[in-house]
2 protein chains.
Amino acid sequence: MDLKSKIRDVPNFPKEGIIFKDITTLLQDPAAFNFTLKRLVELSENKGITKVVGIESRGFIFGAALAERLGVGFVPIRKPGKLPAAKESESYILEYGSDQIEIHKDALDKDDVVLLHDDLLATGGTMKAATTLVERLGAKIAQLSFVIELSFLHGRKLFDNYEVISLIQYDSE
Amino acid sequence: MDLKSKIRDVPNFPKEGIIFKDITTLLQDPAAFNFTLKRLVELSENKGITKVVGIESRGFIFGAALAERLGVGFVPIRKPGKLPAAKESESYILEYGSDQIEIHKDALDKDDVVLLHDDLLATGGTMKAATTLVERLGAKIAQLSFVIELSFLHGRKLFDNYEVISLIQYDSE
């Protein structure tokens, strides 16, 4: 299936000059949704994964379904102030200012082998902070998984020590 | 399975005097996660559902997995400014001030039969706004589905015209 044909280009979002890759058109197509999940599962099987960690909020969509298909637990990484129990936080730099993500301290331990999932790899800042959180809890990272990779931003370079997979790549804007 | 035993009570979150029902302990338990999804699917089968609509962001977790299991598309309802294409917005009242949710205009049409999902039913304000958005696009609503229902808040009263299902009910705080 040509998954790229299921992604909608939205010009000038979130700001002038950016072409946004909109995944909602893929999600609302049952065959495309199912094919995407099946491909992600195939690429994550037999790696000893014990938990899928998904990044709020689009990373929850395939992240949770992946966990269910792999028969493992799901752990959300969330924006500040959303998780109720004891947690670890990590900041990362944005184009203007910075942001933060959080994980529950008891969500993972040293016996966990993690698949970290988000829908899109751009410059990689959020995922980098997520890898820091997962490793701070003592867990191992088996794979970083994305539906879309904006290859022209070279975010993958931040993750030389990990297996990085993506289903759809864009070499230019 | 006693699903209630998988939910963690967190006192004084998000503020003093509130006991927060934390679903993350259920999510990270593969058997509980699978059982929850299976029960939700059983309660939604054979209703002619064509789309699952999930409310950002915890509603994405089981919402997307439900869509996949039912073999239908998934549609996200999101917080303001997150959806890139043409959209409908609806405001709702919070304890202090108000908030807004949005849906893509082309996400649903008059032939769609919708399962609307969120993780938790409290006073029902967000879900009420979600039903307004879905019906404004001309779609029918077959079911409102929740994992947890805080019955003592009587949110269900807002939805007399719909089938409302929940897996875990709390009759008092």
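Each chain gets a letter, A, B and so on, in the order the sequences are listed, and its residues count up from 1.
Between Arg8(A) and Pro84(B), the closest side-chain pair of non-hydrogen atoms is not below 4.5 Å.
In terms of heavy-atom pairs under 4.5 Å with chain B, the best-connected choice from Asn34(A), Thr24(A), Asn12(A) is Thr24(A). The choice from Asp106(B), Val10(B), Asp29(B) that makes the most heavy-atom pairs within less than 4.5 Å of chain A is Asp106(B). Heavy-atom pairs under 4.5 Å with chain B peak, among Lys51(A), Arg58(A), His104(A), at His104(A). Of the listed residues Ala65(B), Ala64(B), Ser57(B), the one with more heavy-atom pairs under 4.5 angstrom with chain A than any other is Ser57(B).
For Lys79(B), the part lying near chain A is the side chain, with the backbone staying farther off; criterion is any non-hydrogen pair under 4.5 Å. For Glu56(B), the part sitting under 4.5 Å from any heavy atom of chain A is the side chain, from C-beta outward, and nothing else. Phe74(B) touches chain A through backbone and side chain together, each having a heavy atom under 4.5 Å away. Residue contact with chain A, scored on non-hydrogen atoms closer than 4.5 Å, involves the side chain of Pro76(B) exclusively. Ile61(B) touches chain A through backbone and side chain together, each having a heavy atom under 4.5 Å away. At a 4.5 Å heavy-atom cutoff, the contact between Val75(B) and chain A is made by side-chain atoms alone. Both the backbone and the side chain of Leu83(B) come within less than 4.5 Å of a heavy atom of chain A. Interface residue Phe60(B): backbone and side-chain heavy atoms are both found under 4.5 Å from chain A.
Under a hydrophobic-cluster definition in which Ile, Leu, Val, Met, Phe, Trp and Tyr are linked whenever side-chain heavy atoms come within less than 4.5 Å, directly or via other members, Leu43(A) and Ile168(A) are assigned to the same cluster. Both Leu116(A) and Leu137(A) belong to a common hydrophobic cluster when Ile, Leu, Val, Met, Phe, Trp and Tyr are linked at side-chain heavy-atom distances under 4.5 angstrom. No chain of hydrophobic side-chain contacts below 4.5 Å, direct or via other Ile, Leu, Val, Met, Phe, Trp or Tyr residues, connects Leu121(B) to Leu66(B). Phe146(A) and Leu167(A) sit in two unconnected hydrophobic clusters of ILVMFWY residues. Membership requires side-chain heavy atoms under 4.5 Å apart, directly or through other members. Each of Val52(B) and Val113(B) belongs to its own hydrophobic cluster when Ile, Leu, Val, Met, Phe, Trp and Tyr are linked at side-chain heavy-atom distances under 4.5 angstrom.
Counting non-hydrogen atoms of other residues, nucleotides and ligands closer than 6.0 Å to NZ of Lys128(A) gives a total above 12. The number of heavy atoms from other shown groups lying within 6.0 Å of NZ (Lys38(A)) does not exceed 12. Arg39(B) CZ: 12 or fewer foreign heavy atoms inside a 6.0 Å radius.
In this structure, Thr36(B) OG1 and Glu68(A) CD are separated by 10.5 Å, a value rounded to the nearest 0.5 Å.
Contact detail for Gly71(B) and Pro30(A): the closest heavy-atom pair is O-CB, 3.5 Å.
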